[in-house]
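Every chain is numbered from 1 and lettered A, B, ... according to where its sequence line falls, protein lines coming before strand lines. Values below: all heavy atoms of this structure, side chains included; hydrogens, waters and symmetry mates excluded.
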2 protein chains.
Amino acid sequence: MSNPPVRTVFFVSDGTGITVEMLGHSLLTQFDGIAFEQVTAPFVNTRERAEEWAARIAVLVRDGLRPVVLTTLVDESIRAVFKSTGAFVLDFFEMFLNPLELELGIGSTHTMGRSHSARDRAGYQQRMEAVNFSLAHDDGISTRDLPKADVILVGVSRSGKTPTCLYLALQFGVRAANYPLIPEDFERGEFPPALAPHLGKIFGLTIVPERLSEIRNERRPGSQYADPENCRREVAAAEAMMRGLGIRWVNSTTKSIEEIAATIMEEIRIVRRAF
Amino acid sequence: MSNPPVRTVFFVSDGTGITVEMLGHSLLTQFDGIAFEQVTAPFVNTRERAEEWAARIAVLVRDGLRPVVLTTLVDESIRAVFKSTGAFVLDFFEMFLNPLELELGIGSTHTMGRSHSARDRAGYQQRMEAVNFSLAHDDGISTRDLPKADVILVGVSRSGKTPTCLYLALQFGVRAANYPLIPEDFERGEFPPALAPHLGKIFGLTIVPERLSEIRNERRPGSQYADPENCRREVAAAEAMMRGLGIRWVNSTTKSIEEIAATIMEEIRIVRRAF
């Protein structure tokens, strides 16, 4: 059997390319059975840079399947360079800005690279402070500033708390602390006392014990810590504890970090502090 | 003078809402002089949920300026619920999927919530490993696994290395380490020896000394560490050292974390490991 044809997709932006990449990736996940080679072209903010990329695209047009070019280009003359290659070009701004201009009754500024610029200094500061907050309140290191936390994640060791907190901080500017539920808590049969005043903003992460055991085994092979039976006991005890206190939780085994983060934002009704 | 009118914009998704939020925010940055109230509605994957949101939107339509509703909804019947509200609705999938289907000669799967699902388990693992790598190689804590790093960021303390590494890990699945350039290095006049074997993947961050002094003052007010003259000396010494070794750098003062990360990806020619 031959391999499926590979279609090259270019994500072209006059800024970081992060929006068009996410956008494009989201579209491509809707097509099964085609292999895509994905190439990002950021900072294409001059005709010269556009022409360098266009030359590369034109070669592909000539030699094989014509590439798909998804763009977020504010400047029409730069867009035109890509359209002249013969590739299949869809520009995101072109399709959305015109109808929006009509609806809002105002022209858009046509400023390049705005969406992830440092123009929004307050928002940027929020995000940096949130990252520092998350690092300083990772794994229960400090409980001093928990009153300032927007959310406090709890769960057994290696249930995914740290990456989730960092994602919440970077993506939403949210101050996310995390605190482990450990065997001592389960033996004592008591939720960590330091968290008692903050029940309203606590959210749980849980994980399938078999998966937890795998993850822990990578860290400490053959340990009691990673033992499947021990993992089962810890997860059951943590879930019982959360249930008893009415703490909502999600299972990180089958969810992406974006899904976990978006669920938390919605459940705790956190308002994002920054874009 | 009266305040500008506030236009409510809803970002509606059948998944996390992260794509449509980024998309919408990117579009709105192109309009000056209008205040937008931005509301995200994630996980709108049933008609019931759609109708709850539609009721809220319909009230706004009746009472004032009609809201803008930007959506990434795969299911047409859910989209129709929003269109019936009388709001101004633009759906991203509707505008892009049809032309793409024609071009690719294949129907799309119309599967909800795919773009940030945990379906891509390998990619997810990459990102989690990258986060763990970044945390284990933050601030020069460990040099053991530097051969495995995709990039090593260097710069003076508080120049923005840690958040940039975490962003690279979470967004691109890239293994990013960071290593501080400290006064001892400048006195010795020698680049940290541990980094010598890795010059090809080192990238620098620098910062305007006045800004650095402000940031350090928040941490240790009135210290020698935060002193403006000391900050000037450290930054000048770090830049001289990087220049001497041909290490490229960006100035984090005027750039967002996304711009810094995209610049590094391009300059070091790192291939992203995950979406």
Inset, instruction - Begin with the C-alpha distance, continue with both residues' side-chain angles, and end with the deciding distance and a verdict on side-chain contact (heavy atoms from CB on, under 4.5 Å) for A:F10 and A:T40. - result: CA-CA 6 Å; A:F10 291 87; A:T40 304; over 6 Å; no

Inset, instruction - Could you check A:Y124 against B:I257 for side-chain contact (heavy atoms from CB on, under 4.5 Å), going step by step and ending with a plain yes or no? - result: CA-CA 8 Å; A:Y124 184 64; B:I257 203 163; 4.0 Å; yes

Legend entry - Test log, rule salt bridge (Lys or Arg N to Asp or Glu O under 4.0 Å), inputs B:E52 and B:R49: CA-CA 5 Å; B:E52 287 170 31; B:R49 293 213 56 177; 5.1 Å; no

Legend entry - Worked verdict on B:T71 versus B:D91 for side-chain hydrogen bond (donor to acceptor under 3.5 Å, both in side chains): CA-CA 5 Å; B:T71 66; B:D91 186 82; 2.5 Å; yes

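Residue B:L170 touches chain A through its side chain alone, counting heavy-atom pairs closer than 4.5 Å. Contact of A:D138 with chain B is not made at all, since no heavy-atom distance falls under 4.5 Å. Both the backbone and the side chain of B:L104 come within contact range of chain A, judged by heavy atoms closer than 4.5 Å. Heavy-atom distances place no part of B:V39 under 4.5 Å from chain A, backbone and side chain included. Using a 4.5 Å cut-off between heavy atoms, B:Y167 touches chain A through backbone and side chain atoms alike. At a 4.5 Å heavy-atom cutoff, the contact between B:V74 and chain A is made by side-chain atoms alone. Contact of A:L27 with chain B is made through backbone and side chain together, with heavy-atom distances under 4.5 Å. With a threshold of 4.5 angstrom between heavy atoms, A:T72 does not approach chain B through any atom at all.
Contact check on B:R66 versus A:E103 returns a salt bridge, with a Lys/Arg side-chain nitrogen under 4.0 Å from an Asp/Glu carboxylate oxygen. In this structure, B:R127 pairs ionically with A:E258, as a charged nitrogen and a carboxylate oxygen lie closer than 4.0 Å.
In this structure, OG1 on B:T111 lies 6.5 Å from CG on A:D32, to the nearest 0.5 angstrom.
If you tally non-hydrogen atom pairs under 4.5 Å between each of A:A41, A:S108, A:G107 and chain B, the highest count goes to A:S108. Taking A:N132, A:T162, A:L65, A:L28 one by one and counting their heavy-atom pairs under 4.5 Å with chain B, the maximum is reached by A:N132. Of the listed residues (A:G160, A:A169, A:S26), the one with the most heavy-atom contacts under 4.5 Å to chain B is A:S26.
Remark: the backbone N or O of B:V131 is not paired with any side-chain donor or acceptor of B:S134 at under 3.5 angstrom.
Between B:F36 and the options B:T8, B:V6, B:V68, B:V9, a side-chain contact (heavy atoms from CB on, under 4.5 Å) holds for only B:V9.
With a 6.0 Å radius and a threshold of 12 heavy atoms from other residues, nucleotides or ligands, A:E76 has its CD atom at or below the threshold.
Applying a 4.5 Å heavy-atom cutoff, the residues of residues 92-101 of chain B that approach chain A are B:F92, B:F93, B:M95, B:F96, B:L97, B:P99, B:L100, B:E101.
Contacts of B:D75 classified as salt bridge (Lys or Arg N to Asp or Glu O under 4.0 Å), with partners at least two apart in sequence or in another chain: none.
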